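Report on one structure; see the data block that follows.
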Amino acid sequence: QVLLQESGPGLVNPSETLSLTCSISGGSIYNYYWTWIRQPPGKVLDWIGYIYYSGSTSYNPSLKSRLTISVDASKNQFSLKLSSVTAADTAFYYCARGGFNRPLDYWGQGTLVTVSS
Amino acid sequence: DIQMTQSPSSLSASLGDRVTITCRASQGISNSLAWYQHKPGKAPKLLVYGVSRLESGVPSRFSGSGSGADHTLTISSLQPEDLATYYCQQYYTIPYTFGQGTKLEIK
């Protein structure tokens with residue numbers, strides 16, 4: 001059973017960088033795409049972007065200028081950095097396996113990140 | 001962006017009922033349509049992908065159908081554990097987009 005776990009600060013100051021890591025257990029990061037999704041409270045799920053284990057990425061154009069997704073295959077992890085955050089970036093953030101014209105077959109439980117001073 | 005219009009936004013049904021949730025895509029998405037189940041505090045779960053392919057381990061009371069713009073998730077006989085919010089997603093064109101969700105309640 002593949003398990004994914006998001007980790008990172010639950011509170012970020014406005015204008016700073018939001019950083020999250022997704023740790024994968026029970027399976028390998030190799031040969032798969034890995035995706036970040038978020039959901040602001042009471043709003044729709046928002047696709048952030050994905051990364052292949054080799055490092056190639058695809059981002060949501062609405063976030064591209066502030067977004068970096070990276071992978072550390074040796075640690076079976078991938079990460080998200082979103083810069084210059086505002087209150088609009090407050091959301092539950094989920095990591096999942098899948099992407100590039102594939103469904104998301106395993107998800108983490110999500111982590112709430114609040115942007116506030 | 002492709003808009004995924006999902007309906008209804010909420011639904012109350014009795015145990016044993018047949019439940020149908022619909023999703024309409026604003027543009028062509030080929031067969032790249034998935035349905036997810038999300039229970040509070042838990043990881044979302046893939047139910048159906050490729051419009052009608054049941055994910056391994058998902059009960060056979062769940063089924064997906066559709067073609068072109070219009071797609072449907074059906075639960076043939078509602079069970080207590082089906083209390084959840086359901087989402088459709090297109091994974092054909094970036095940015096991949098989700099429906100607004102259908103919150104299913106048990107009467």
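If you're wondering where the values come from, they're calculated on a predicted model, not measured in any experiment. Per chain, numbering begins at 1; letters A, B, ... match sequence-line order.
- Per-residue counts of heavy-atom pairs under 4.5 Å with chain A were compared for B:Gly41, B:Pro44, B:Ala43; the largest is that of B:Pro44.
- Under the 6.0 Å cut-off for aromatic ring centres, B:His38 and A:Tyr94 qualify, their centroids lying closer than that.
- Contact of A:Gln39 with chain B is made through the side chain alone, with heavy-atom distances under 4.5 Å.
- If you measure heavy-atom distances from A:Pro61 to chain B, the contacts under 4.5 Å come from the side chain alone.
- Proximity to chain A (any heavy atom under 4.5 Å) is restricted, for B:Gln89, to the side chain, taken from C-beta onward.
- Using a 4.5 Å cut-off between heavy atoms, A:Tyr50 contacts chain B through its side chain alone, with no backbone atom that close.
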Next on the checklist: Walk me through whether B:Glu81 and B:Arg61 qualify under salt bridge (charged side-chain N to carboxylate O under 4.0 Å, His left out).
Outcome noted: CA-CA 12 Å; B:Glu81 59 267 32; B:Arg61 64 180 181 274; 3.5 Å; yes

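- Here the side chains of A:Ile37 and B:Phe98 are in contact, with some heavy-atom distance below 4.5 Å.
- Only the side chain of B:Tyr87 comes within contact range of chain A, with heavy atoms under 4.5 Å apart.
- A ring-centre distance under 6.0 Å is not found for B:Phe62 and B:Trp35.
- Counting only heavy atoms from C-beta outward, the side chains of A:Asp89 and A:Val113 never approach each other to under 4.5 Å.
- The part of B:Ala34 that comes within reach of chain A is its side chain, from C-beta onward, which places non-hydrogen atoms under 4.5 angstrom from that chain.
- No chain of hydrophobic side-chain contacts below 4.5 Å, direct or via other Ile, Leu, Val, Met, Phe, Trp or Tyr residues, connects B:Tyr36 to B:Leu11.
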